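Note that the structure is a prediction, hence the values are computed from the model and not measured.
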Amino acid sequence: MPSNKRYRILSTKAVDRRLVVIAAAQNIDIEAKGFISTQALITDSLKQRIHQLFQEKATVVFTSANAVQALLDHYLHPDGKYYYGTWTAFPPTVTDEEFDAFKKGGFFSPGWNVYCLEGATQEALKHQYDIRHKIAGTAANAASLAQEIIRNEEKGPLVFFCGDKRRDELPDLLQQHNIVLEELIVYETTETPALTGQEYDGILFLSPSAVESFFSVNSLPPHTVCFSIGPTTARALQEHTSNMIITSASPSMEQLVRTTIFHFNNIN
């Protein structure tokens, strides 16, 4: 990379300050502008269903950190006492562990078996202690995750915590193999398109929804490189641009930024 050349990158999602500093040290300046917003969906029927699931040894699927966060923020906290909170007496089958959980203002759960995407989704589960679980399988994208579920001979029913704009790959593949899937929509995605008003050397895309939002009001000059967090987002990009598309080796913001740095460090 020529020492006097700095590259300008736009991320369609917020970037951790640490990664911005790492990139800047490599002559890559990253600025962020959100092109989608997400909001948790909270209903009484969802509370009742999730309350029931927390008391079961359920097998569940997450393909988005937003779904994990929706459960943590609105189905555990700040209303954690919702679970078992209306009991006036305990039935004889309640264990000491369940009673201790109730006294602490929480709930008892036997734990879930979880299938999830690698990267941000898996990290969101790893760095919390409220959703009792063990990881049954992971994959880099939804289609591969469905194949992992199929290989493990899951019969269902499985519960899929998702957003209102979830992709079809995973549900369709499981349906083809007669695996029952219950979908619970726990967050909504809204496009927030904005004109960039300038040119960039590269743009980071982290979801198909962000791709749709960006291209609804913007176009790209031929030299701009599109960096995709995964193959699903890459396919969405192919529907809108013939520009170079480079896909991250793993679905995380850190790997996406490092992929960007590697590319611009190796331009001939």
Side-chain angles (χ1 to χ4, degrees), residues 11-16 32-54 58-80 82-83 107 109 112 114-133 135 138-143 145-146 149 157-172 174 181-194 204-214 216 228-230 232-233 236 251-253 256:
S11 173
T12 56
K13 185 177 181 179
V15 184
D16 186 271
K33 184 187 294 286
F35 283 83
I36 60 171
S37 65
T38 60
Q39 183 173 3
L41 182 62
I42 309 163
T43 67
D44 287 341
S45 61
L46 272 176
K47 280 190 174 184
Q48 291 170 4
R49 180 60 181 134
I50 294 171
H51 174 212
Q52 179 184 20
L53 286 167
F54 273 131
T59 299
V60 306
V61 181
F62 291 98
T63 58
S64 168
N66 291 319
V68 177
Q69 202 61 50
L71 264 63
L72 292 173
D73 289 346
H74 301 284
Y75 294 95
L76 293 173
H77 303 297
D79 60 343
Y82 176 87
Y83 305 102
F107 60 90
S109 172
W112 289 343
V114 174
Y115 288 91
C116 69
L117 291 191
E118 297 161 1
T121 307
Q122 188 173 3
E123 288 298 307
L125 284 163
K126 183 186 299 183
H127 296 298
Q128 60 79 38
Y129 301 97
D130 293 306
I131 300 175
R132 192 175 183 185
H133 72 284
I135 300 295
T138 65
N141 57 71
L145 188 62
I149 292 169
L158 279 67
V159 179
F160 182 21
F161 293 104
C162 59
D164 61 329
K165 295 186 183 299
R166 66 108 177 102
R167 305 285 289 188
D168 294 333
E169 290 90 345
L170 184 142
D172 287 355
L174 296 186
L181 186 69
E182 176 186 2
E183 294 186 30
L184 294 181
I185 297 173
V186 293
Y187 72 95
E188 297 173 316
T189 301
T190 303
E191 294 182 6
T192 56
L204 312 184
F205 291 95
L206 291 97
S207 70
S209 296
V211 172
E212 297 295 330
S213 179
F214 177 88
S216 69
S228 167
I229 197 165
T232 304
T233 301
S252 71
M253 176 63 87
L256 186 60

The test is side chain to side chain contact (heavy atoms under 4.5 Å, CB included); show your working for K13 and L204 and say whether it passes. CA-CA 8 Å; K13 185 177 181 179; L204 312 184; over 6 Å; no

Can you check whether F205's main-chain N or O pairs, donor with acceptor, with T233's side chain at less than 3.5 Å?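 Checking the backbone N and O of F205 against the side chain of T233, no donor-acceptor pair under 3.5 Å is found.
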
Can you tell me how far apart [atom1] ([X]) and [atom2] ([Y]) are? Round to the nearest 0.5 Å.
X	Y	atom1	atom2	answer
T121	E123	OG1	CD	10.0 Å
K33	T12	NZ	OG1	11.5 Å
S207	I229	OG	CD1	9.0 Å
L170	L181	CG	CG	6.5 Å
L53	Y75	CG	OH	11.5 Å
Q39	H74	CD	NE2	8.0 Å

So do the side chains of [X] and [Y] get within less than 4.5 Å of each other, counting heavy atoms only?
X	Y	value
I131	V114	no
P251	N141	no
L71	F62	yes
L125	H127	no

Return the set of residues passing side-chain contact (heavy atoms from CB on, under 4.5 Å) with T189 (not counting sequence neighbours), or none when no residue passes.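 Scan of T189 (side-chain contact (heavy atoms from CB on, under 4.5 Å), adjacent residues dropped) gives I36, T38, D164, K165, Y187, S209.
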
Contacts of type side-chain contact (heavy atoms from CB on, under 4.5 Å), residue S37, not counting sequence neighbours: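 With neighbours one apart ignored, the set is T190, T192.
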
With sequence neighbours excluded, tell me which residues meet salt bridge (charged side-chain N to carboxylate O under 4.0 Å, His left out) with [X].
X	answer
R167	E169
E212	none
E191	none

Please report the shortest heavy-atom distance between [X] and [Y], naming the atom on each side.
X	Y	value
L174	A146	CD2-O, 3.9 Å
F160	V61	CD1-O, 3.5 Å
A70	V186	CB-O, 3.5 Å
L256	S228	CD1-O, 3.5 Å
L206	S11	CD1-OG, 4.1 Å
S252	G119	CB-CA, 4.2 Å

Quick one: ring-ring contact (aromatic ring centres under 6.0 Å, His included) partners of Y115, sequence neighbours excluded?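 Per chain and number, Y115 pairs via ring-ring contact (aromatic ring centres under 6.0 Å, His included) with no residue.
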
Neighbour count above 12 (heavy atom, 6.0 Å) for E183 CD: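 Buried by this count: over 12 neighbours within 6.0 Å.
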
Residue pair T63, R166: steps toward the side chain to side chain contact (heavy atoms under 4.5 Å, CB included) verdict: CA-CA 9 Å; T63 58; R166 66 108 177 102; 5.7 Å; no

